[in-house]
**Student:** 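Let me begin by handing over the structure; questions about it come next.
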Amino acid sequence: MKISTLSCVVKGKKSVDVVSQEINFDEQNQGQTLVQITRGGICGSDLHYYEHGKVGNFEIKHPMILGHEVIGKVVKTNSRTLFEGQKVAINPSKPCFNCKYCLSGETNQCETMRFFGSAMYNPHVDGGFTQYKVVDDTQCIPYPQEVSDDIMAFAEPLAVTIHAAKQGGDLQGKKVFISGVGPIGCLTVAAVKALGATEIICADISQRCLDLALEMGATKVLHAINSDFSDYLKHKGEFDVSFEASGHSSSVERCLLVTKAKGTVVQIGMGAPIPEFNMMTLIAKEINWKGSFRFVEEFNTAVEWLGSGKVNPLPLLSAVYSFEQLETALQQAGNKNEISKIQLTFA
């Protein structure tokens with residue numbers, strides 16, 4: 001069957017549009033499901049494609065549908081575990097399940113990952129900012145029907161932070177530092193708290209973000225420029241685990257300084273290449289500096305936590321726009337002084 005759908009596409013730098021498209025759904029396909037998208041969250045990568053026409057080296061070569069933080073309702077399926085009208089969070093990852101990483105369970109490192117809304121390949125991989133989308137059955141994660149779209153649209157970014165939190169090891173009873181508390185940093189606060197961290201101290205240059213971090217569960221916040229960090233530099237650092245979520249070189253440097261010897265720094269933030277930092281701090285304190293990229297089974301964990309109320313992301317929701325107001329929504333999402341998370345509604 002053919003379905004007409006309106007889709008949010010990026011064509012290049014500062015060029016987006018809502019266009020009509022036709023998609024095909026094979027009703028005999030035993031592995032795919034047709035979903036009506038209901039809500040989507042705008043991510044930093046969506047903004048980069050809009051503002052710069054690229055993310056890193058992945059440049060827009062032709063129109064591409066944006067979006068990877070999406071939820072929806074099942075329209076048609078042959079799956080025995082899904083039913084029409086069911087609410088589902090959609091996992092935007094589509095690994096190959098055949099490479100050495102997939103076979104070892106590390107699907108986030110898949111050599112040929114096809115992730116929603118990515119210009120990594122040409123043709124690009126279309127995202128989920130569209131009224132209807134055909135996805136694999138395995139990408140549909142059901143959740144309680146009474147849970148609001150506002151909440152469940154946070155599943156993907158929460159999954160990113162749960163994966164990052166697990167990179168820090170066992171957090172039960174640990175003292176944690178988080179540098180940079182935009183939406184990802186704030187969701188990291190919630191994730192490490194849920195995993196048992198007893199002290200969570202955050203730093204940022206924005207008082208608005210620091211206030212949100214407190215709402216998300218931080219025990220104390222410090223202004224990154226104006227506050228005194230000297231108490232956390234004693235004894236070769238005070239924190240068991242630090243999470244760097246800004247991508248700024250000064251933030252990386254601070255994490256290395258305040259993390260205790262033999263402690264762990266988890267790198268979440270992606271920014272410009274770090275020009276320099278004191279590598280001797282990393283070496284002499286024998287710090288374990290770990291990267292964190294996307295998620296594996298943590299997507300299902302995020303859906304479960306949001307569905308049960310274990311994490312409440314709503315302090316981070318700044319506004320909801322119709323998808324037909326795409327450019328206005330993107331412009332608002334780029335206002336970091338006042339905005340945390342913008343969502344688009346599709347139904």
**Student:** Can you tell me if S251 and S179 form a side-chain donor-acceptor pair at under 3.5 Å?
**Tutor:**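 Side-chain D/A pair, S251 to S179: present.
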
**Student:** Surrounding NZ of K193 (heavy atoms of other residues, nucleotides or ligands, distance under 6.0 Å), is the total greater than 12?
**Tutor:** no

**Student:** Just wondering, are more than 12 heavy atoms of other shown residues or ligands nearer than 6.0 Å to NZ in K76?
**Tutor:** no

**Student:** Donor-acceptor pair, distance only, cut-off 3.5 Å: does the side chain of H223 make one with the backbone of I225?
**Tutor:** yes

**Student:** Might you point out which heavy atoms bring L344 and S322 nearest each other, and give the distance in Å?
**Tutor:** CD2-O, 4.0 Å

**Student:** Ignoring hydrogens and angles, state whether a donor on the side chain of T81 or S79 is under 3.5 Å from an acceptor on the partner side chain.
**Tutor:** yes

**Student:** Check whether Q139 reaches the backbone of N91 with its side chain - one donor and one acceptor, N or O, closer than 3.5 Å.
**Tutor:** yes

**Student:** With I200, which of L171, V189, L214 fulfils side-chain contact (heavy atoms from CB on, under 4.5 Å)?
**Tutor:**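 Result: among L171, V189, L214, V189 is the only option passing the side-chain contact (heavy atoms from CB on, under 4.5 Å) with I200.
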
**Student:** Is there a continuous path of hydrophobic side-chain contacts, each under 4.5 Å between heavy atoms, that joins F293 to V160?
**Tutor:** no

**Student:** Quick check: closest heavy atoms across A165 and L195, and the distance to 0.1 Å?
**Tutor:**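 Distance-wise, the nearest heavy atoms are CB-CD1, 3.6 Å.
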
**Student:** Got a second to check how far L317's CG is from D150's CG, nearest 0.5 Å?
**Tutor:** 5.5 Å

**Student:** Is K14 atom NZ crowded by more than 12 heavy atoms from other residues, nucleotides or ligands, each under 6.0 Å away?
**Tutor:**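 Atom NZ in K14 is packed in, count exceeds 12.
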
**Student:** Please report the interatomic distance SG(C202) to CG(L222), rounded to the nearest 0.5 Å.
**Tutor:**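 Answer for the SG-CG pair, C202 versus L222, is 9.0 Å.
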
**Student:** Between T5 and Q21, is any side-chain donor less than 3.5 angstrom from a side-chain acceptor?
**Tutor:** no

**Student:** Quick check: do L282 and W289 have side-chain heavy atoms less than 4.5 Å from each other?
**Tutor:**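 Side chain of L282 against side chain of W289, heavy atoms only: contact under 4.5 Å found.
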
**Student:** For F239 together with Y232, are the ring centres under 6.0 Å from each other?
**Tutor:**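 Centroid separation for Y232 and F239: below 6.0 Å.
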
**Student:** For the side chain of N78 and the backbone of E27, is there at least one donor-acceptor N/O pair under 3.5 Å apart?
**Tutor:** yes

**Student:** Side chains of K336 and L47, heavy atoms from C-beta outward: is any pair under 4.5 Å?
**Tutor:**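 Yes, at least one pair of side-chain atoms sits under 4.5 Å.
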
**Student:** Rounded to the nearest 0.5 Å, what separates atom CZ in F299 from atom CG in N108?
**Tutor:** 14.0 Å

**Student:** State, to 0.1 Å, how close D126 and M64 come at their nearest heavy-atom pair, and which atoms those are.
**Tutor:**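 Smallest interatomic distance, heavy atoms only, reads OD1-CA, 3.6 Å.
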
**Student:** Take D240 and K260 through the side-chain contact (heavy atoms from CB on, under 4.5 Å) test and state the conclusion after the steps.
**Tutor:** CA-CA 6 Å; D240 300 295; K260 71 181 186 181; 2.6 Å; yes

**Student:** Before you tell me yes or no, could you show the steps for Y321 and T345 under side-chain contact (heavy atoms from CB on, under 4.5 Å), namely the whole-Å CA-CA distance, both residues' side-chain angles and the distance that decides it to 0.1 Å?
**Tutor:** CA-CA 6 Å; Y321 288 85; T345 182; over 6 Å; no

**Student:** So, taking the atom named CD in E84 and the one named CG in L34, what distance separates them when rounded to the nearest 0.5 Å?
**Tutor:**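 If we round to the nearest 0.5 Å, E84:CD and L34:CG are 9.5 Å apart.
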
**Student:** Counting heavy atoms not belonging to M1, are there more than 12 under 6.0 Å from its CE?
**Tutor:**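 Enclosed.
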
**Student:** Please tell me whether V320 and I42 are part of a single hydrophobic cluster in this structure, the criterion being side-chain heavy atoms less than 4.5 Å apart.
**Tutor:** no

**Student:** Without swapping roles, check the side chain of D136 against the backbone of T138 for a donor-acceptor pair under 3.5 Å.
**Tutor:**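 It does not hold such a pair.
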
**Student:** Is any side-chain N of the basic residue among K341 and E69 closer than 4.0 Å to the acidic one's carboxylate O?
**Tutor:**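 Result for this pair is yes, salt bridge flagged.
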
**Student:** Under 6.0 Å from the six-membered ring centre of F346 and within 45° of its axis: does the NZ or CZ of R39 meet both?
**Tutor:** no

**Student:** Check whether any side-chain heavy atom of I201 sits under 4.5 Å from a side-chain heavy atom of V221, and report yes or no.
**Tutor:** no

**Student:** Taking side chain as C-beta onward, heavy atoms only, is Q325 less than 4.5 Å from V18?
**Tutor:**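 Contact flag for Q325/V18 side chains = no.
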
**Student:** Is a donor on one side and an acceptor on the other found under 3.5 Å between the side chain of K285 and the backbone of L257?
**Tutor:**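 Answer holds: yes.
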
**Student:** Tell me yes or no: between the side chains of D204 and S206, is some donor less than 3.5 Å from an acceptor?
**Tutor:**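 S206 and D204 do not have a side-chain donor-acceptor pair below 3.5 Å.
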
**Student:** Run the side-chain contact (heavy atoms from CB on, under 4.5 Å) check on M216 and L187 step by step: do they pass?
**Tutor:** CA-CA 7 Å; M216 296 300 292; L187 288 171; 4.2 Å; yes

**Student:** Enter the distance from K236:NZ to I287:CD1 here, rounded to the nearest 0.5 Å.
**Tutor:** 10.5 Å

**Student:** Judged by atom type as modelled, is there a donor-acceptor pair below 3.5 Å linking the side chain of Y143 to the main-chain atoms of S308?
**Tutor:**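 No, the answer is negative, given that no donor and acceptor are paired below the 3.5 Å cut-off.
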
**Student:** Report the C-alpha distance between R294 and M113 in whole Å, list the side-chain angles of each, state the deciding distance to 0.1 Å, and finish with yes or no for side-chain contact (heavy atoms from CB on, under 4.5 Å).
**Tutor:** CA-CA 11 Å; R294 292 180 182 158; M113 171 70 78; 3.5 Å; yes

**Student:** Is it the case that one hydrophobic cluster holds both F116 and V19, taking links as side-chain heavy atoms less than 4.5 Å apart, direct or via other members?
**Tutor:**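 Yes.
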
**Student:** Compare every heavy atom of H68 with every heavy atom of D46, then report the nearest pair and how far apart it is.
**Tutor:**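 It is OD1-ND1, 4.4 Å.
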
**Student:** Going by atom types alone, do S292 and Q167 pair a side-chain donor with an acceptor below 3.5 Å?
**Tutor:** no

**Student:** Ignoring hydrogens, what is the shortest heavy-atom contact between L212 and S340? Give both atom names and the distance.
**Tutor:** CD1-OG, 3.1 Å

**Student:** When you measure from the side chain of S104 to the backbone N and O of Y101, does any donor-acceptor pair fall under 3.5 Å?
**Tutor:** yes

**Student:** Are more than 12 heavy atoms from other residues, nucleotides or ligands located less than 6.0 Å from atom CG of N24?
**Tutor:** yes

**Student:** Within the distance-only criterion (no hydrogens, no angle test), does the side chain of H62 pair as donor or acceptor with the backbone N or O of H124 below 3.5 angstrom?
**Tutor:**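 Side chain of H62 to backbone of H124, a donor-acceptor pair under 3.5 Å: yes, one is there.
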
**Student:** Backbone N or O of S250 within a donor-acceptor pair of the H248 side chain at under 3.5 Å?
**Tutor:** yes

**Student:** Verify the distance criterion only: is there a donor paired with an acceptor across the side chains of Q331 and N335 at less than 3.5 Å?
**Tutor:**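 No, no side-chain donor-acceptor contact under 3.5 Å.
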
**Student:** Taking C-beta and beyond as the side chain, do C186 and P183 meet within less than 4.5 Å on heavy atoms?
**Tutor:**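 They are not in side-chain contact.
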
**Student:** If you group Ile, Leu, Val, Met, Phe, Trp and Tyr by side-chain heavy-atom gaps below 4.5 Å, do F115 and F58 land in one group?
**Tutor:** no

**Student:** Test your reading of the model: is there a side-chain donor-acceptor pair from T130 to the backbone of K133, 3.5 Å cut-off?
**Tutor:**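 No.
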
**Student:** If we only count heavy atoms from C-beta on, is the D211 to E215 side-chain gap below 4.5 Å?
**Tutor:**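 Side-chain contact under 4.5 Å: no.
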
**Student:** Can you measure from CD1 (I268) to CD (E244) and round to the nearest 0.5 angstrom?
**Tutor:**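 If we round to the nearest 0.5 Å, I268:CD1 and E244:CD are 8.0 Å apart.
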
**Student:** Assigning hydrophobic clusters by single linkage (Ile, Leu, Val, Met, Phe, Trp, Tyr; side-chain heavy-atom cutoff under 4.5 Å), is V75 placed with V88?
**Tutor:** no

**Student:** Please name the pair of heavy atoms, one in C140 and one in V35, separated by the smallest distance, quoted to 0.1 Å.
**Tutor:**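 Looking at all heavy atoms of both residues, the closest pair is SG-CG2, 4.0 Å.
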
**Student:** Are the side chains of F97 and T107 in touch, meaning some heavy atoms are under 4.5 Å apart?
**Tutor:** yes

**Student:** Determine whether more than 12 heavy atoms belonging to other residues, nucleotides or ligands lie under 6.0 Å from atom NZ of K54.
**Tutor:** no

**Student:** Using side-chain heavy atoms (C-beta onward) and a distance below 4.5 Å, is V241 in contact with F177?
**Tutor:** no

